[in-house]
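Below: one structure, written as structure tokens.
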Amino acid sequence: MERALAEAYRDHVAHLVSNVQPLLVEAGFDRLVVYAGDLARKNRFDDQDWPFQPIPMFRWFSPLAWPQSVLVLPAKGEPVLYAVRSDSFWERPTEPDWGFLQAGLTVEQVGSLTDVKAMGWHGRSAYIGQEPQENLTSPTAVVNPGTLIERLNDLRTRKTPYEVECLARASARAVKGHLRAREAFFSGERSELAIHLTYLAATEQDDAQTPYKNIVALGRNAATLHHVEYGAPDPADTMLIDAGASWGSHGSDITRTWVRGEDEAADRFRRLVSAVEDVQQAVIAEARPGVEYEALHDGAHEKLGRVLVEHGLVTCSAEAADAEGITRVFFPHGLGHSLGVQVHDVGCLVRAPGPRNPYLRNTKMVEAGQVFTVEPGLYFIDALLESCRAGPAGRSVDWNAVEALRPFGGIRIEDDVHVTGDGVRNLTREAFAAAA
């Protein structure tokens, strides 16, 4: 057991208890019951299960990944983790570091949910779980109370030092994979699957252990934002790799775009990659408490408009490229999202984004303690380009320049940042610098 991290986990649980218990009292609940979940069948016609993942609210309290386990937090008193040990000889879940768990929680190993029920509860419970469990609920229990969950999700947006440390370690682990994948790409590897497997080996993760399915996109495939159907495109002088790593219950999310060609078109695209990275770093420099995240997103489009002008992709002004929606043809997704026990963590979409930003997942005011991604992009997506070409804004696009760069697919640069009292700590750049 690593003492410093165990102490941070102890403080993390204490922080959750001190903040969640008043919410339970206010809502008239005697306890919070969080059910980790069951193994889930891949489909109703099969007998195979998906690899088990506890629900996010359970992962927030505990890194234990045992099906049917239960976290009980009374409105007054200490939380208890009931770890349900399976006696199946088909599979055996990973044995946790019990000393680490016990640094933050009272842990009781039991044989079934019936044993949990036998502990005897009275009063009114708030139950959070995918499906109500008869052994864990009673007629007075409230299943997935919406208002309480919203309050808890808001609390989740501000990470404890323990969570930040887990996210920093997840970034460091992911960077090992990114560097090995980059090495494979520049060594001439053409198979997206081979690069993906290289990444997994470097991070010492199985595919199911990663926080999300890795995106390894060569050439034109980088124009598909979530490209996961690996192939071997030829020719392919660019690689977009969007891949994270897990540490404990938390996961990182990092994207880089690399160019290995040496001709004039590749040089032009390489300069465009550098320009998008400059936009990303400028946006991160503006992130601080009191700034609206959507304002950062809109600012990224203003900056991208200047990139389009400077690199000859549009013939209008940067302001017109933004106002006419041309920047959103090249950069259609949101600037980023909250990060934590979920890759697209919850609690930061506090209102609907503006009509120009339908895919933005974060509309919260930036606050100290938040961890989110900043990931502007510039893509050559056939469907969006053709729609633009057919409309009035198409007259402001240099289509010869677009056609020359279309084979490179697209660009995305993504960092994970932790908001401090007066700015941000870039967890991703720290990890790359440490690995240099």
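Quick caveat, the model's predicted, so the values are computed rather than measured. Position 1 is the first residue of the sequence, and the numbers go up from there.
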Would you kindly say whether [X] and [Y] are connected by a side-chain donor-acceptor distance under 3.5 Å?
X    : Y    : result
D345 : S338 : no
R10  : Y162 : no
D253 : Y212 : yes
R173 : T203 : no
R156 : Q342 : yes

Could you note down all residue pairs passing ring-ring contact (aromatic ring centres under 6.0 Å, His included) where residues 64-91 supplies at least one of them, sequence neighbours left out?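 Every ring-ring contact (aromatic ring centres under 6.0 Å, His included) pair that includes a residue of residues 64-91, provided the two are not neighbours, is W66-W98.
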
Looking at [Y] and [X], is any side-chain nitrogen of the basic one under 4.0 Å from a carboxylate oxygen of the acidic one?
X    : Y    : answer
D47  : R41  : no
R151 : D154 : no
R356 : D322 : yes

What side-chain donor-acceptor pairs closer than 3.5 Å can you find for residues 281-298, not counting sequence neighbours?
{"unit_1": "Q281", "atom_1": "NE2", "unit_2": "D415", "atom_2": "OD2", "d": "3.3"}
{"unit_1": "E286", "atom_1": "OE1", "unit_2": "K303", "atom_2": "NZ", "d": "3.3"}
{"unit_1": "E286", "atom_1": "OE2", "unit_2": "K303", "atom_2": "NZ", "d": "3.0"}
{"unit_1": "R288", "atom_1": "NH1", "unit_2": "E286", "atom_2": "O", "d": "3.3"}
{"unit_1": "R288", "atom_1": "NH2", "unit_2": "A285", "atom_2": "O", "d": "3.1"}
{"unit_1": "Y293", "atom_1": "OH", "unit_2": "G336", "atom_2": "N", "d": "3.0"}
{"unit_1": "Y293", "atom_1": "OH", "unit_2": "T373", "atom_2": "O", "d": "2.8"}
{"unit_1": "E294", "atom_1": "OE1", "unit_2": "R351", "atom_2": "NH1", "d": "2.9"}
{"unit_1": "E294", "atom_1": "OE1", "unit_2": "R351", "atom_2": "NH2", "d": "2.9"}
{"unit_1": "E294", "atom_1": "OE2", "unit_2": "G354", "atom_2": "N", "d": "2.8"}
{"unit_1": "E294", "atom_1": "OE2", "unit_2": "N357", "atom_2": "ND2", "d": "2.8"}
{"unit_1": "H297", "atom_1": "ND1", "unit_2": "L335", "atom_2": "N", "d": "3.1"}
{"unit_1": "H297", "atom_1": "NE2", "unit_2": "N357", "atom_2": "OD1", "d": "2.9"}
{"unit_1": "D298", "atom_1": "OD1", "unit_2": "R328", "atom_2": "NH2", "d": "3.3"}
{"unit_1": "D298", "atom_1": "OD1", "unit_2": "N357", "atom_2": "ND2", "d": "3.1"}

Tell me whether E189 contacts the main-chain N or O of S191 through its side chain, where contact means a donor paired with an acceptor under 3.5 Å. yes

May I ask you to decide if A383's main-chain N or O and S387's side chain share a donor-acceptor pair within less than 3.5 Å? no

Would a line drawn from the ring center of Y9 to the ring center of F100 be shorter than 6.0 Å?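 Between Y9 and F100, the centre distance is under 6.0 Å.
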
Nearest-0.5 Å distance, CH2 of residue W258 to CZ of residue F186: 6.5 Å

Hey, does L378 have a side-chain heavy atom less than 4.5 Å from the side chain of F331?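 Counting from C-beta outward, F331 and L378 never come under 4.5 Å.
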
